[in-house]
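Everything below concerns the one structure shown next.
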Amino acid sequence: MSGSVAAMLASSPALWTPASCSSRQVYLSFAGLRLNSAVLRFSRSTSSYNVRFSVVEKQCCQRSGKGSRKVCVEASSNGTPQPFDYDVIIIGAGVGGHGAALHAVEQGLKTAIIEGDTVGGTCVNRGCVPSKALLAVSGRMRELKDEHHLKALGIQVAAAGYDRQAVADHANNLASKIRGNLTNSMNALGVDILNGTGTLVGPQKVKYGKIGYPDKTVTGKNVIIATGSIPFVPPGIEIDGKTVFTSDHALKLEWIPDWIAIVGSGYIGLEFSDVYTALGSEVTFVEALDQLMPGFDPEIGKLAQRVLINPRKIDYHTGVLAKKITPAKNGRPVTIELVDTKTKEPKDVLEVDAALIATGRAPFTKGLGLENVKVVTQRGFIPVDEHMQVLDGDGNKVPHLFCIGDANGKMMLAHAASAQGISVIEQIAGRPKVLNHLSIPAACFTHPEISMTGLTEPQARTKGEEEGFVVKVTKTSFKANTKALAENEGEGLAKLIYREDTGEIMGVHILGLHAADLIHEASNAIALGTRIQDIKFAVHAHPTLSEVLDELFKSAKVGNHAPVATKAEAIAA
């Protein structure tokens with residue numbers, strides 16, 4: 001019986017007609033077909049369809065006409081026959097691709113992910129995951145070496161030390177564990193992991209393969225590019241991976257130089273300065289702009305310099321470019337030729353044991369076959385609209401092609417890539433969702449931590465001047481927080497930037513204990529459109545660090561509402 005049904009479908013697909021159904025089931029009507037078996041199973045695989053059915057006679061089905069009976073068909077193609085191998089093909093199995101894949105499966109979409117390197121991408125293998133393992137070590141070392149801090153708590157500890165290889169192994173093992181977790185989660189949910197480098201060969205068609213093996217081609221109703229980024233190395237800098245290296249090499253922690261220059265003082269450079277100084281190195285920052293940490297809110301940047309730079313074995317050169325860096329050779333140190341950023345006149349020559357290039361990241365978009373779909377990159381980034389849909393050279397949307405994460409350059413953070421991937425799947429599922437990038441938090445995992453969401457104060461004031469509204473700023477100190485004082489960690493500041501007329505939260509910036517965890521209350525408030533006049537009545541457990549945000553919101557003056565006096569103001573009085 002099942003064979004005859006399969007033959008009938010293969011020869012005459014018009015015999016069956018979809019009716020209303022769930023995302024995993026479709027009801028079909030077979031004219032003149034009488035079913036005696038309770039369950040019929042058959043496979044259909046042609047160039048047009050690739051669907052596996054389980055046909056189950058429904059006792060409750062209504063007849064759609066004389067000699068016709070409806071049956072329920074469950075299809076592993078997620079409900080609807082289609083002329084594609086997959087509903088969604090994702091090129092790149094980093095955090096962004098992984099997040100998109102899991103959400104796609106939840107929506108009943110048949111999904112494949114193509115990865116030419118290792119699952120987890122930069123974040124898991126060469127970025128945020130292993131770096132947090134190193135930063136965990138640096139945090140412990142700082143605590144154990146801070147005799148004044150320990151004495152204040154009544155603790156005495158003998159001289160602290162560390163095993164470099166064990167520290168490196170900790171970072172590597174963590175990356176391996178997380179990589180395995182990501183792979184297992186996708187396998188468990190039925191995501192097909194296709195090994196090889198993915199290349200677009202046309203609309204909705206991708207080839208993949210490895211060197212020395214023939215390429216394979218798959219088709220997808222929708223394709224998502226999630227290829228991430230690689231370290232950016234400016235011209236004139238020679239990388240040997242041993243004495244002049246990027247963050248990719250540094251995470252292996254093959255040695256601890258006595259003196260290391262870090263080119264760039266952004267997130268990456270600042271975190272590695274925390275690691276190296278905790279492990280005994282002296283650090284010299286080389287920053288092209290006129291101030292350290294140029295991407296941070298200026299007030300937070302100044303405080304960070306006072307807390308994270310000045311007390312440590314760190315010096316710096318600002319307003320200079322590393323025109324040429326030569327690795328150590330034949331007993332000679334690493335040499336760095338510095339020139340003035342503006343005039344390009346020679347300024348100085350540094351001789352150090354090692355140099356870490358932390359000048360940001362560049363999109364990994366070469367070899368994707370973008371020319372085959374008439375897409376032109378902009379400084380390497382793939383142009384997209386607010387829905388992450390790729391735009392061609394004329395600014396038109398490329399149907400069914402999306403790009404998420406570092407490759408589109410909107411916000412080069414792993415969790416931003418994941419959020420963008422989820423928003424794309426929502427778009428594919430018929431629920432368009434525009435991601436508010438101002439609500440996405442960022443964090444620098446130094447000791448203490450720095451976190452932020454939304455606009456900096458200068459950005460907010462510029463916006464206020466352009467749109468005609470007043471911007472207000474309020475701040476609170478960790479010194480007024482009971483939990484921070486109990487930890488003897490009162491060094492810190494939280495800053496709120498908001499519209500005085502509406503109470504809209506425009507930005508929040510925090511430097512202090514567990515700042516990376518505290519920021520999410522503010523980022524979620526921005527995402528949900530929660531105003532200060534509402535969130536200030538939220539209740540926070542006492543005594544907790546979360547009360548730093550509670551005090552911050554309560555201190556804001558919105559419209560004619562008088563602010564509630566804060567502990568910080570009471571102490572000052």
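All values below come from the heavy atoms of this structure, side chains included, with hydrogens, waters and symmetry mates left out.
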Do [X] and [Y] sit within salt-bridge range, that is, some charged N less than 4.0 Å from a carboxylate O?
| X | Y | answer |
| --- | --- | --- |
| R499 | D501 | yes |
| E337 | K347 | no |
| E457 | K472 | no |
| K479 | E491 | yes |
| D240 | K329 | no |

Report the distance from atom [atom1] of [X] to atom [atom2] of [Y], rounding to the nearest 0.5 Å.
| X | Y | atom1 | atom2 | result |
| --- | --- | --- | --- | --- |
| L549 | I519 | CG | CD1 | 7.0 Å |
| L518 | L513 | CG | CG | 8.0 Å |
| K302 | R306 | NZ | CZ | 12.5 Å |
| E351 | T326 | CD | OG1 | 10.5 Å |
| K433 | L435 | NZ | CG | 6.5 Å |
| N524 | I526 | CG | CD1 | 9.5 Å |

Using atom types as modelled and distance alone, determine if a side-chain donor or acceptor of [X] lies under 3.5 Å from a backbone N or O of [Y].
| X | Y | value |
| --- | --- | --- |
| H514 | P448 | no |
| D394 | N396 | no |
| D274 | H447 | yes |
| K344 | T341 | yes |
| R461 | V471 | yes |
| S477 | L493 | no |
| T365 | G380 | yes |

Taking side-chain hydrogen bond (donor to acceptor under 3.5 Å, both in side chains) as the definition, give me every residue that meets it alongside [X], ordered by chain and number, with sequence neighbours left out.
| X | value |
| --- | --- |
| D169 | Q165 |
| K463 | E467 |
| E147 | none |
| S247 | none |

Steps toward side chain to side chain contact (heavy atoms under 4.5 Å, CB included) verdict (F245, I260): CA-CA 11 Å; F245 44 79; I260 182 170; 3.9 Å; yes
Ignoring hydrogens and geometry beyond distance, is a side-chain donor-acceptor pair present between [X] and [Y] at under 3.5 Å?
| X | Y | answer |
| --- | --- | --- |
| H249 | T246 | yes |
| T277 | R142 | yes |
| S555 | T474 | yes |
| E465 | T462 | no |

K324/I237 under side chain to side chain contact (heavy atoms under 4.5 Å, CB included): CA gap, chis, key distance, verdict: CA-CA 5 Å; K324 184 178 181 181; I237 297 177; over 6 Å; no
Is it the case that over 12 heavy atoms from other parts of the model lie below 6.0 angstrom from the [atom1] atom of [X]?
| X | atom1 | answer |
| --- | --- | --- |
| K323 | NZ | no |
| K145 | NZ | yes |
| F364 | CZ | no |
| R164 | CZ | yes |

side-chain hydrogen bond (donor to acceptor under 3.5 Å, both in side chains) contacts touching residues 279-297 (sequence neighbours left out): W259-T284, S265-E287, T284-D315, D297-K495
Minimum heavy-atom distance G161-M141, with the two atoms named: O-SD, 3.9 Å
Ring centres under 6.0 angstrom apart (F296, Y267):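 Centroid separation for F296 and Y267: below 6.0 Å.
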Salt bridge (charged side-chain N to carboxylate O under 4.0 Å, His left out) evaluation trace for E299 with K475: CA-CA 11 Å; E299 186 172 11; K475 291 167 275 189; 2.8 Å; yes
Can you give each donor-acceptor pair under 3.5 Å made by side-chain atoms of residues 399-414, sequence neighbours left out, with the distance rounded to 0.1 Å?
from, atom 1, to, atom 2, distance (Å)
H400, ND1, K221, O, 3.3
H400, ND1, N222, OD1, 3.2
D406, OD2, S229, OG, 2.6
N408, OD1, K410, N, 2.9
N408, ND2, C403, O, 3.1
N408, ND2, Q420, OE1, 3.0

